[in-house]
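Worth knowing before you read on, the calculation uses all heavy atoms, side chains too, and leaves out hydrogens, waters and symmetry mates. For ligands, and for the atoms within them, numbers begin at 1 and follow the listed sequence. Residues: numbered from 1 along the sequence shown. On a predicted model such as this, the values are computed, not experimentally measured, just so you know.
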Amino acid sequence: MEYLENPFTPSFGEVPAHLAGRQQIIRDLDRAFLSQRRRPELTSIFSGARGTGKTALMSSLATRAESHGWIAVKTTALPGMLEEIELGAKRAAGHLIDPSNHFEVTGLGIAPLGSIEVSRVHDASTWRYRMSDIIDQLNEAGTGLLVTVDEVDPTLNEMIQLAATYQHFVTDGKRVALLMAGLPNNVSTLLNHKTVSFLRRAQQYHLGRIADYDVREALIRTIQENDRLADAEGIDRAVRSISGFPFLLQLVGYRAWDLTSDSKEISSRDFDLGIKIARDEMDDRILAATYRELTAEDKRFLIAMLDDEEESTTADLVERLKRSPQQVSRYRRRMIDAGIIGERGRGLVAFELPFFRDYLAAQCVK
Ligand SMILES: Nc1ncnc2c1ncn2[C@@H]1O[C@H](COP(=O)(O)OP(=O)(O)OP(=O)(O)O)[C@@H](O)[C@H]1O
Ligand SMILES: [Mg+2]
């Protein structure tokens with residue numbers, strides 16, 4: 001038997017064969033893209049820790065929007081994003097808009113990039129008019145413009161400009177949609193920004209862990225649809241080790257598949273070994289990156305949680321950290337927003353990011 005192509009997608013931003021556990025969100029958005037009347041989901045914000053599938057979800061939603069006739073422009077919150085949106089919209093909609101009347105201004109391909117571009121990007125009002133023009137033409141052609149913004153960054157001026165301008169477009173009754181995704185801390189800072197307070201009324205989706213049931217289904221379907229079988233016990237162990245974490249689903253599947261990709265079945269031994277390899281990679285790629293982003297105080301807070309088997313009470317943490325209850329609740333909130341810990345009822349928190357607890361404990365010993 002020849003080697004079968006590996007159908008798992010353990011790379012960042014790659015849309016998986018099956019988007020496990022996101023059916024409801026996809027249904028909501030499909031409905032919004034298809035509806036003639038404006039639905040609130042057309043302005044949605046996705047937040048989640050690293051590897052929870054924000055980029056993959058937005059990318060898949062953009063593709064769906066396109067299949068429903070929308071023009072989609074995908075961007076990341078970085079300097080130059082406004083320019084990118086404008087150029088992207090023109091390129092994607094080239095067949096619908098008329099360049100002769102409206103866009104002689106742009107000779108970007110000819111003009112040397114530099115001062116002109118910079119002054120433009122910062123000139124929010126003219127950007128707004130140019131975009132307004134593009135969107136009007138799209139709307140006249142019976143379509144709308146979807147912009148997706150990944151890695152939202154509340155400190156980026158253009159991010160705020162985009163949100164504020166978008167609000168005008170909505171108020172003017174234009175057919176536009178804005179999907180944004182980012183780490184929970186960044187999303188909550190953005191939502192608290194006073195210039196764009198309307199964003200607080202946007203639809204918010206928190207991408208947390210996926211139910212084991214959905215993980216199992218995605219694993220089995222990905223394997224079977226690609227002409228192999230999976231050992232039942234192996235699948236059980238894989239589901240348990242994945243702990244609802246999308247990135248790990250892909251990684252475990254990928255490693256287990258590759259071990260003996262010339263045989264019909266993925267055995268329980270393949271799964272065991274695949275799980276082990278995947279765990280090590282998860283340490284390197286997710287846990288280490290998350291750990292590096294912590295401040296010294298964040299680490300102190302999390303290390304104080306290690307004294308508890310499972311859940312920690314705020315009162316105990318106040319005692320251990322010798323900080324005021326206000327300070328402790330601030331750190332508690334920060335760590336919840338970062339997706340590292342989660343609430344478990346009144347005053348209780350526990351680790352949320354799979355395996356982070358063990359990783360942290362290992363760092364303390366080093
Ligand atoms: N719902 C899902 N079901 C199965 N696999 C998924 C799902 N969502 C994402 N993945 C996979 O998980 C991995 C991480 O996805 P993605 O890059 O979208 O995460 P992210 O939240 O954008 O991470 P980061 O914050 O680091 O940008 C990818 O390998 C992707 O294929
Ligand atoms: Mg991403």
Open item on the list: Is the positively charged end of R323 above the ring of Y331, judged by distance under 6.0 angstrom from the centroid and angle within 45° of the axis?
Closed with: no
Task: N or O contact, I210 vs ligand 1, cut-off under 3.5 Å - done: no
Task: Closest protein heavy atom to atom 1 (N) of ligand 1, given as residue, atom name and distance to 0.1 Å - done: A20 O, 3.0 Å
Open item on the list: Give the atom numbers and elements of ligand 1 that come within less than 4.0 Å of a heavy atom of S11.
Closed with: 28 (C), 29 (O)
Open item on the list: For W257 versus R228, what's the shortest heavy-atom pair and its separation?
Closed with: O-NH1, 3.0 Å
Task: Distance from atom 9 (C) of ligand 1 to nearest protein heavy atom, with residue and atom - done: G53 CA, 3.4 Å
TODO: Taking all non-hydrogen atoms of both residues into account, name the closest pair between D214 and A20 and its distance.
DONE: O-CB, 3.8 Å
TODO: May I ask you to check if ligand 1 and G13 share an N or O to N or O distance below 3.5 Å?
DONE: yes
- [ ] Select one of side chain, backbone, both or neither to describe which atoms of R22 lie under 4.0 Å from any atom of ligand 1, heavy atoms only.
- [x] side chain
- [ ] Return the minimal non-hydrogen interatomic distance between H68 and D30, and the atom names on each side.
- [x] NE2-OD1, 2.9 Å
- [ ] Measure Q250 to ligand 1 on non-hydrogen atoms and call it side chain, backbone, both or neither using the 4.0 Å cut-off.
- [x] side chain
Task: ligand 1-proximal atoms of E151, by part, heavy-atom distance under 4.0 Å - done: side chain
TODO: Return yes or no for this condition: an N or O of G51 is under 3.5 Å from an N or O of ligand 1.
DONE: yes
TODO: Scan side-chain atoms only and decide if N186 and T189 contain a donor-acceptor pair under the 3.5 Å cut-off.
DONE: no
Open item on the list: Applying a heavy-atom cut-off of 4.0 Å, say which part of P10 lies close to ligand 1: side chain, backbone, both or neither.
Closed with: backbone
Open item on the list: Below 3.5 Å, N or O to N or O, backbone or side chain included: is there any such pair between A56 and ligand 1?
Closed with: yes
